[in-house]
Amino acid sequence: MSRRLITHTRQERLDGILECLMADESASAQSLAAHFDISLMTVHRDLDELQRRGIVRKFRGGVSIERTSSYEIAAPLRRRIATEQKLEIGAAAATEVAPGQVIMLDDSTTASHMIRHLIEIEELRVVTNYLPSLRELSEVTGISVTAIGGDFDSGHESFVGEGAAKAVRELRVDALYFSTSSADGDGMYHQEEKVVRLKSEMIRCAGRRVLLMDSSKLAHTSLHRVCGWDVIDELITDDAAPLGIIEDIRAQGVVVRVVASDHVELQEEGKS
């Protein structure tokens, strides 16, 4: 980060700081100050603001943007990770949606990539708790939308909590397209108990459950278990997924679709 970067607004600078941290996890407050030609105090104020939004974690001696088994990174940052893979997974998932269906999308950034491919599907209703998806759907004519309310969580950019869980409990949908922060051969996981409760209700209300997960999340665990593979009908992932995990999941009767970066499906095996 030798070249100084001049930004015009604070938000541009915050976005730039995130870009720097993603490119160099060892970036320090001092190097960021030099890069953006600002004071060290301003850098710390910016990092405090990013931490307040749940995007980064400050700790003694540094700052982290990495998810851990007990900490999930915020949606604004998750949108910047594995973008190409998420686009392909979302496009592949959308091909399964039929006219007249009611589908549920959770607050995963991967599921949100389905929306652009759903526009021409007739008599479709989409249910979601993810604010960016609700905004995008509000601009689409022809798709009916049901919003899941509850407590708004700025880090997830979605509605969660008991109010959201209660709303989902009263619904029945044809299919759920969702993601979690990690998965291994034993099941799926998330760091936050309130998110696990809501995802569990979503799983219970759906006739078909499709997990959308880029390969960076596989072969990892988090603090709370969401469910086992026995309740999942299909996994859609990308071609960098660990082969051992894929084989283990398929052995449990789950259909696994592995998509390549050019939209070509490579493999599909599992439940008939």
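Along the sequence shown, residues carry numbers from 1.
- The shortest distance between side-chain heavy atoms of D107 and E157 does not fall below 4.5 Å.
- Note that CG of D214 and CD of E88 are 12.0 Å apart. Values are rounded to the nearest 0.5 Å.
- Proximity of H113 to I89: side-chain heavy atoms (C-beta onward) are nowhere separated by under 4.5 Å.
- Checked against salt bridge (Lys or Arg N to Asp or Glu O under 4.0 Å), D238 has no partners two or more places apart in sequence or in another chain.
- One distance of note links NZ of K86 with CE of M114; it measures 15.0 Å at 0.5 Å rounding.
- Looking at S112 and T109, their side chains never bring a donor and an acceptor atom within 3.5 Å of each other.
- Hydrophobic cluster membership differs between L40 and L50, with clusters built from Ile, Leu, Val, Met, Phe, Trp and Tyr side chains linked at under 4.5 angstrom.
- A salt bridge does not link R250 with E247: none of the charged nitrogens is closer than 4.0 Å to a carboxylate oxygen.
- In this structure, CG on L211 lies 8.5 Å from OG1 on T237, to the nearest 0.5 angstrom.
- Distance check: R13 CZ to T42 OG1 gives 6.0 Å after rounding to the nearest 0.5 Å.
- In the hydrophobic clustering of this structure, V195 does not group with M213; members are Ile, Leu, Val, Met, Phe, Trp, Tyr whose side-chain heavy atoms approach within less than 4.5 Å, directly or through other members.
- At most 12 non-hydrogen atoms from other residues, nucleotides or ligands lie less than 6.0 angstrom from CD of E122.
- In this structure, the side chains of M188 and S182 stay at 4.5 Å or more apart for every pair of heavy atoms.
- Note that OH of Y177 and CG of L118 are 8.5 Å apart. Values are rounded to the nearest 0.5 Å.
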Kindly list each side-chain donor-acceptor pair under 3.5 angstrom involving residues 137-153, sequence neighbours excluded, with atom names and distances?
from, atom 1, to, atom 2, distance (Å)
S138, OG, R135, O, 2.6
T146, OG1, R125, NH1, 2.9
D153, OD1, G155, N, 2.9
D153, OD1, H156, N, 3.0
D153, OD2, K194, NZ, 2.7

Q.
For Q191 and T180: C-alpha separation, side-chain torsions, deciding distance, then whether side-chain contact (heavy atoms from CB on, under 4.5 Å) applies.
A. CA-CA 9 Å; Q191 297 91 338; T180 62; over 6 Å; no
Q.
As a quick check of understanding, evaluate side-chain contact (heavy atoms from CB on, under 4.5 Å) for S200 and R204, giving each step before the final call.
A. CA-CA 6 Å; S200 297; R204 276 192 283 270; 3.9 Å; yes
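- Considering only heavy atoms from C-beta on, L235 stays 4.5 Å or farther from L212 through its side chain.
- When side chains are defined from C-beta on, R45 does not count as touching E49, because their heavy atoms never get closer than 4.5 Å.
- Closest of all the heavy-atom pairs between A219 and I245 is CB-CG1, 4.0 Å.
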Without placing hydrogens or testing angles, list every side-chain donor-acceptor pair under 3.5 Å for residues 91-103, not counting sequence neighbours.
from, atom 1, to, atom 2, distance (Å)
T95, OG1, A92, O, 2.5
E96, OE2, R257, NH1, 2.7
Q101, OE1, A98, N, 3.1

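- There is a path of hydrophobic side-chain contacts, each under 4.5 Å, that joins I249 to F178.
- How far CZ of R197 is from NE2 of H190: 12.5 Å, rounded to the nearest 0.5 Å.
- A donor-acceptor pair shorter than 3.5 Å cannot be found between the side chains of Q85 and S215.
- Side-chain atoms of T9 come within 3.5 Å of backbone atoms of E12 as a donor-acceptor pair (strictly under, hydrogens ignored).
- With hydrogens and angles ignored, the 3.5 Å screen pairs a side-chain donor or acceptor of R209 with a backbone N or O of I203.
- A salt bridge links K199 with D106: at least one charged nitrogen is closer than 4.0 Å to a carboxylate oxygen.
- Looking at heavy atoms from C-beta onward, R169 lies out of side-chain contact with L171 at the 4.5 angstrom threshold.
- K217 and S179 are linked by a side-chain donor-acceptor pair at a separation below 3.5 angstrom, with hydrogens and angles left out of the test.
- Residues M202 and N129 form a side-chain contact, since some pair of their non-hydrogen atoms from C-beta on lies under 4.5 Å apart.
- For S222 and S181, the side-chain atoms include at least one donor-acceptor pair closer than 3.5 Å.
- Within the 4.5 Å cutoff, no side-chain heavy atoms of V254 are placed close to those of D233.
- In the model, D184 has a side-chain atom that pairs as donor or acceptor with a side-chain atom of Y189 under 3.5 Å.
- With hydrogens and angles ignored, the 3.5 Å screen pairs no side-chain donor or acceptor of S31 with any backbone N or O of A27.
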Q: Report the C-alpha separation of L198 and V168 in whole Å, then their side-chain angles, then the decisive distance to 0.1 Å, and conclude whether the side-chain contact (heavy atoms from CB on, under 4.5 Å) test is met.
A: CA-CA 8 Å; L198 181 56; V168 171; 3.8 Å; yes
